[in-house]
Amino acid sequence: MYYIIFAILTIATLYGLWLLFRKAGKQGWEAIIPFYREYIMAQLTARPTWWVFLLLVPIVNIFIFYALYLDFLKSFGKRRFWETVVAVLLPFIFLPLWGRDPNVKYLGQSNTEEFNKKYPYKKSVAREWADAIIFATVAASLIRGFLIEAYMIPTGSMERSLLVGDFLFVSKLNYGPRIPMTPIAFPFAHHTMPITGGKAYSEVIKLPYKRLPGFQEIKRNDVVVFNFPAGDTVALEYQETTYADLVRSMGKDVVHNQFTIVTRPIDKRENYIKRCVGMPGDVVSLERAKLMINGEPAFTPPEMQTNYLVYTDGSGLNRERMHDLRIDFRQIPEDPSIFEMHMTVKQAEMIKSWGNVRDVEMIIYEDDIAYPQDKHYNWSIDNFGPLTIPAEGWTVTLDSLTIPLYGRAIRDYEGNTLEKKADSYYINGEKATSYTFKQNYYWMMGDNRHNSLDSRSWGFVPEDHIVGKALFTWMSWDKKGTFLSKIRWNRIFKGIN
């Protein structure tokens, strides 16, 4: 349905351009050929024709297109504020109207001195600012929504692959831009209004999930930004803990009495960044903190961190050296000769070679309750699975063992009602012994394995929650540094692996 509407609006816009091209003495068909159309617009407005080559440059091409487009409309006398607004927001309505209006005529090349003398038009200061703000807002919103967006790493769940204070560019084009599901929103805000608080979006219009074609499919081990699946319901005063965990620990009545509970649409949930370690149809498991995919050892990120116990001879550790190595550590109060350290495999091997170190062993967490938090599955963050990741078209049998694993996906992510009655399970009011999934799902984990809230805690990431692919770090800020050392110069324009 969305594609039909999009096609109708596009045809209406091109029809309007066709009519305007003919009024300017050109052939109508020249208005529907990309790049050649902009080449003709440059001629009709006295802009440099080499600007057309800039349409091949991402981000820059948006500014070039709108400059030519608005200059083209100026050549027909369309220079008022409201005309600029509707030309950008409602071209499918106003271009055909202007094209069919006999009073709208081509006046000449709008960027010539002769044109400005013949058709003088002076903008007020307020109009100049309004035009600039509208253009910048529209252009930046298009770039942010469909091309590329900047993110900052706020937590250490991807350390050391990504550091707290890293500023990233995330591509929407790689996997295909997702059409905004909640299109009415305050510009540049995600889900909360800046300064004043409150919702930064309206759900008056809600669109179904659709994604435009991308350059590639999601690949195993890509670093991906996605909307937090467990962030559909949020306690505003206590957002660091998921709603489900709050209910489990405090009870639903207490949570609703103590906190303000809100629900958020998919594209307005918190943005998370993790590594996609499991693909649709994969079988994922962890054996003593070792990730296995389809029964085989999985990729180990070179900067992956876990917790270790370091046994020393009691002579202590050089704190400055530990600081230089960026290793967090603490002494075990019951035995000061033992240290708990958070580090990579290479660092663990190096420390094990120190003269005053007797042994180094990885900590295995058995007591941390993991997804699906059900009595049938005694899984932890380090010993988990095996678990099959749903794929589009995959059918699962419904019983007491599969419902804890896949019930939330069937109900919340696929939009069904799911009930258990005495004789069977019922989906959308009909008895069902199995369910076939409508979309793909992924398994996301942080490289900082013992300090990451990821799929081990809340399960699968649906395809419609995927935002984009992390490309590179364009800036990195270390709040612990001093002066120029606050900038991590070696991370600027560093690719993400």
Pairs involving residues 268-326, ordered by first then second residue, that meet ring-ring contact (aromatic ring centres under 6.0 Å, His included) (sequence neighbours left out)
F228-Y272
Got more than 12 heavy atoms from elsewhere within 6.0 Å of OH, Y151?
yes
For Y413, check side chain to side chain donor-acceptor pair (under 3.5 Å) against everything at least two apart and list the hits.
R408
Would you say the side chains of Y209 and Q439 form a donor-acceptor pair under 3.5 Å?
no
Please enumerate all residues that pass salt bridge (Lys or Arg N to Asp or Glu O under 4.0 Å) together with R488, with sequence neighbours excluded.
D166, D478
Of all pairs that satisfy side-chain hydrogen bond (donor to acceptor under 3.5 Å, both in side chains), the ones with a partner from residues 168-177, not counting sequence neighbours
E149-K172, S171-N174, N174-Q216, Y175-D222
Just to verify, what does D374 make a side-chain contact (heavy atoms from CB on, under 4.5 Å) with, not counting sequence neighbours?
P372, H376, Y377, P404
Y435 and L398: CA distance, side-chain angles, deciding distance, side-chain contact (heavy atoms from CB on, under 4.5 Å) verdict:
CA-CA 7 Å; Y435 180 78; L398 302 180; 4.2 Å; yes
Side-chain H-bond candidate by donor/acceptor type, S337 with T312, under 3.5 Å
no
Before accepting this row, confirm whether a basic side-chain N of the pair K421/D423 lies closer than 4.0 Å to the acidic partner's carboxylate O.
no
Residues in salt bridge (Lys or Arg N to Asp or Glu O under 4.0 Å) contact with R275, at least two apart in sequence or another chain:
D447
Is the shortest distance from a Lys or Arg side-chain nitrogen in D282 or R220 to a carboxylate oxygen in the other one below 4.0 Å?
yes
Would you please test T397 and D399 for side-chain hydrogen bond (donor to acceptor under 3.5 Å, both in side chains) and show each step?
CA-CA 6 Å; T397 301; D399 55 37; 5.9 Å; no
Quick check on side-chain contact (heavy atoms from CB on, under 4.5 Å): which of V255, I261, T242 does T233 satisfy it with?
I261
If you count the non-hydrogen atoms of other residues, nucleotides and ligands that lie under 6.0 Å from CG in D324, is the total more than 12?
yes
Modelled atom types, side-chain donor and acceptor of N416 and N428, under 3.5 Å
yes
What residues form a side-chain contact (heavy atoms from CB on, under 4.5 Å) with E287, not counting sequence neighbours?
S285, M292
According to side chain to side chain donor-acceptor pair (under 3.5 Å), who are the partners of T182, at least two apart in sequence or on a separate chain?
D267
Does anything in residues 379-393 pair up under side-chain hydrogen bond (donor to acceptor under 3.5 Å, both in side chains), and if so which pairs, sequence neighbours excluded?
E366-N383, D382-H450
Whether over 12 other heavy atoms sit under 6.0 Å from E430 CD
no
Given the options D328, N448, T306, H342 meets side chain to side chain donor-acceptor pair (under 3.5 Å) only with N448
Does N497, at its CG atom, have more than 12 non-hydrogen atoms belonging to other residues, nucleotides or ligands within less than 6.0 Å?
no
Tell me every residue that passes salt bridge (Lys or Arg N to Asp or Glu O under 4.0 Å) with K420, counting only those two or more places apart in sequence or in another chain.
none
Under a 3.5 Å cutoff, is there a donor and acceptor pairing between the side chains of K274 and S157?
yes
Salt bridge (Lys or Arg N to Asp or Glu O under 4.0 Å) filter on R330, not counting sequence neighbours, yields E340
What pairs with T13 under side chain to side chain donor-acceptor pair (under 3.5 Å), at least two apart in sequence or on another chain?
none
So, F460 versus Y406, ring centres under 6.0 angstrom or not?
yes
Check ion pair K206-E203 (N to O, under 4.0 angstrom):
yes
Regarding R248 and D245, does a basic nitrogen lie under 4.0 Å from an acidic carboxylate oxygen?
yes
Counting C-beta onward and ignoring hydrogens, is there a side-chain heavy-atom pair between L55 and F65 closer than 4.5 Å?
yes
Please find out if less than 6.0 Å separates the ring center of F186 from that of H191.
no
Start with the C-alpha distance between Y365 and N307, add both sets of side-chain angles, then the distance that settles side-chain hydrogen bond (donor to acceptor under 3.5 Å, both in side chains), and finish with yes or no.
CA-CA 10 Å; Y365 291 98; N307 287 347; 2.8 Å; yes
Compute the ring centroids of Y441 and W394, then answer whether they are less than 6.0 Å apart.
no
